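Structure record follows, encoded as structure tokens.
Each chain gets a letter, A, B and so on, in the order its sequence line appears, and its residues count up from 1. Computed from a predicted structure; not experimentally measured. Just so you know, these numbers use all the heavy atoms, side chains as well, and skip hydrogens, waters and symmetry mates.
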There are 4 protein chains.
Amino acid sequence: MSKAKLGRPRSEKSKEAILSATHALLSETMGTGLTIEAIARRAKGGKPTIYRWWPGVADIVLEVVLSQANASITVSTSDSLQETLGQFLRESMNAIVNWGGVHLRFLVAHAQKDEAFRDRFRDNFTAKRRAVLKSIFAQAMERGEIGSEQNVEILVDMVFGAMWYRLLIGHAPANETFADDLTEAIIRLVQNPPV
Amino acid sequence: MSKAKLGRPRSEKSKEAILSATHALLSETMGTGLTIEAIARRAKGGKPTIYRWWPGVADIVLEVVLSQANASITVSTSDSLQETLGQFLRESMNAIVNWGGVHLRFLVAHAQKDEAFRDRFRDNFTAKRRAVLKSIFAQAMERGEIGSEQNVEILVDMVFGAMWYRLLIGHAPANETFADDLTEAIIRLVQNPPV
Amino acid sequence: MSKAKLGRPRSEKSKEAILSATHALLSETMGTGLTIEAIARRAKGGKPTIYRWWPGVADIVLEVVLSQANASITVSTSDSLQETLGQFLRESMNAIVNWGGVHLRFLVAHAQKDEAFRDRFRDNFTAKRRAVLKSIFAQAMERGEIGSEQNVEILVDMVFGAMWYRLLIGHAPANETFADDLTEAIIRLVQNPPV
Amino acid sequence: MSKAKLGRPRSEKSKEAILSATHALLSETMGTGLTIEAIARRAKGGKPTIYRWWPGVADIVLEVVLSQANASITVSTSDSLQETLGQFLRESMNAIVNWGGVHLRFLVAHAQKDEAFRDRFRDNFTAKRRAVLKSIFAQAMERGEIGSEQNVEILVDMVFGAMWYRLLIGHAPANETFADDLTEAIIRLVQNPPV
DNA sequence: AACTAAACGAGACGGTACGTCCAGTCTTTAA
DNA sequence: TTAAAGACTGGACGTACCGTCTCGTTTAGTT
């Protein structure tokens, strides 16, 4: 019943200054130059204030991304698979093109050198996006648009995999056209019974 | 027009010491701890010797990977798509599982913070792997196993994308079972005419 | 015209906890590790409580020292200079050896980087000790044991100087033997008329 | 006969820049503000360069002091004790007044929080000064100006002690007048046989 | 008994400095 | 004449404290 809030409360102003400084630096320098020191300088705060709340740069970026991305997962639940999937992928691509590409690239890059962060990144970001896509496929399966024998895990890997692949390697653009091509390919795949 | 080789020749011993130190450090520390300084220490050489021959750590890793990977692209040209693709993907997965996972993860990670390296990485590694997979699809197309209306680029993105995605995010293993599931899904996809 | 004391009065418990935490930390860590934060932690108090009552660490140490040292200045007024001086110096040395050496070293050290504290230290500690020693010499002068032409200031400087010097530099112990040697030397000095 | 000097040699320019930056900062800020960071900034060098050659700030100050002080120990060997001692003390006081007071205060202060440095300080500075003073007394003893029964250690403690005491506590100036008073007192002391 | 005002603990804040690691570059000797 | 290698400048790391601040919580003395 007690569980009182002791001590000086966390400064919301600082928190937002840090998050927006991170966003700004990431956009401006494309990932290079995103250091704790630079964030502290830009946010006019101290380094310890940052370390008190986040374990490192990547987790700040993750929070920035989540605060944007979670809002944007909007699935229109009642249409055909073609339309639902198409809209979901186009929205994802737009998010990448418009503001999030550098952020996501930074996150995967960092995840490769920090296993603990990779777990946090997977649990809080990719796992949730996978869940959404899986529910889209599950609904289509209920409606009979997909045969129940299909391997949904592999489908999800192919869809998100292709997107990340383009984003990370950069051999071709990750834009709306690509979203449409991908949608078409998946539709064709699921309309076919297993071999 | 002699163009003689003047001065002290490059030490092959140093070169190999550097390459194998890089490989060893990468395997031992999982990417953390692979720095120019550490390589120089381990190879018992000086940093300038490294900088004279490579622009940075990632390029040493790339050279290590290429010297292994180029040898392993073996495509059996005469079988069915199912078998050719299956074999290619299984071999790729094995390479990752057995020795190359950390290397590849390091390379993509570094490519995100260094555009120039991303180009080198793409030109020397992923582009060549893509070409092989595209030629596999092209041969299948000639044999009529794939309709000519199929978007081969998207197919390649889906195959390699799924593999990289599993490797980088780590939500599920990138092994032979996955190679087989992926092969099956692709086969089913290409057997269906476009919508 | 009352000027009443409003509000919660100062907590004696806190005050003592802080003083004894300071004493303990000083003894344990030999000066290193005596920080405001450490004192607050050890005394289970808040930093502002400390800053409300003392300007800094050194002043807490000074208070600790004064509460011990002022009590211990006991001068037997009726003996010969030899005995009075000898007893005074032996007592001083014992205080240093038994509990106060680290404290005094901490105080002088801090006084070198803080002029304002140096004044407080001088006024509250060294000046009072000097006064005692001067009164010892004055009494001896009245009894005729010292000629009135002697420079008492220099005598005091030489006595206390030698003690501080040994304590601070540490080339030889500051103990009872030293107190006796010092006493003897001073006695010999004052028995001689100026040149 | 090999033992060759490999690699880039130590930069004399850097060394001197660091030493003179230290001297300047010490004089300007009176001890406060003499930090490794400040020295590096002022000397336009990197912190690692400093740490490569010195364990900490105090050792830089010690080197500055030694480079000045060692030159200034000039003892005129053939005069009377009165003159030799008087000259030695006046010179010492002048050194303190003119440029070295803050340096010496900084050194003793630091020696109180760092036992290892206290040893270095004693071995390289105070021990050498003590040796000089002891040799002055030894010569006087040979000439019969001092009786062989005198305790030279105590004499040295009293002389240097009084000087350090005035310098550190600041209750009275450490200048030439003081040097003369001190000389006179010592002369009087040694002219008296032990009790 | 309720009110008031100051001291209390807890802890976050903007900062400075720490000592270390690594990146790249420079400058010398060795081959 | 180039390779090799140690010392260089310098940026960032993550941590420890500083002294200040903002809270909610005692705790005596006053109404």
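- Put simply, CH2 on D:Trp54 is 13 Å from C1' on F:dC8, counting in whole angstrom units.
- The CG-P distance, from A:Asp114 to F:dC13, rounds to 14 Å in whole Å.
- Legend: residues meeting side-chain contact (heavy atoms from CB on, under 4.5 Å) with D:Pro48, ordered by chain and number and at least two apart, are absent.
- Contacts between residues 30-39 of chain D and DNA chain E, counted as heavy-atom distances below 4.0 Å, involve D:Thr35, D:Ile36, D:Glu37.
- Note: OH (B:Tyr51) to C1' (F:dA5) measures 14 Å, nearest angstrom.
- Atom CD1 in D:Ile18 sits about 13 Å away from atom C1' in F:dG10, given to the nearest Å.
- Looking at residues two or more places apart in sequence or on another chain, you find no side-chain hydrogen bond (donor to acceptor under 3.5 Å, both in side chains) involving D:Arg41.
- Listed by first and then second residue, the side chain to side chain donor-acceptor pair (under 3.5 Å) pairs involving residues 18-27 of chain C are C:His23-C:His103 (not counting sequence neighbours).
- For A:Arg42 and F:dA12, the CZ to P distance is 14 Å, given to the nearest whole Å.
- When rounded to the nearest whole Å, the span between NZ of C:Lys13 and C1' of F:dA28 equals 15 Å.
- Distance, A:Ile50 CD1 to F:dA12 P: 13 Å, rounded to whole Å.
- C:Asn124 pairs by the side-chain hydrogen bond (donor to acceptor under 3.5 Å, both in side chains) definition with nothing, not counting sequence neighbours.
- For C:Ala17, the side-chain contact (heavy atoms from CB on, under 4.5 Å) partners at least two apart in sequence or on another chain are C:Ala43.
- With sequence neighbours left out, C:Thr32 forms a side-chain hydrogen bond (donor to acceptor under 3.5 Å, both in side chains) with no residue at all.
- Looking at residues two or more places apart in sequence or on another chain, you find a side-chain hydrogen bond (donor to acceptor under 3.5 Å, both in side chains) between A:Lys47 and A:Glu37.
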Per-nucleotide protein contact string for nucleotides 6-11 of chain E (B base, S sugar-phosphate only, - none; heavy atom under 4.0 Å): BBBSBB
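- One interatomic measurement links the two molecules: CG of B:Leu25 to C1' of E:dC21, which rounds to 15 Å at whole-angstrom precision.
- Using a cut-off of 4.0 Å between Lys/Arg side-chain N and Asp/Glu carboxylate O, B:Glu115 and A:Arg105 are scored as salt-bridged.
- For the pair B:Asp123 and B:Arg120, the salt-bridge criterion is not met [side-chain N within less than 4.0 Å of a carboxylate O].
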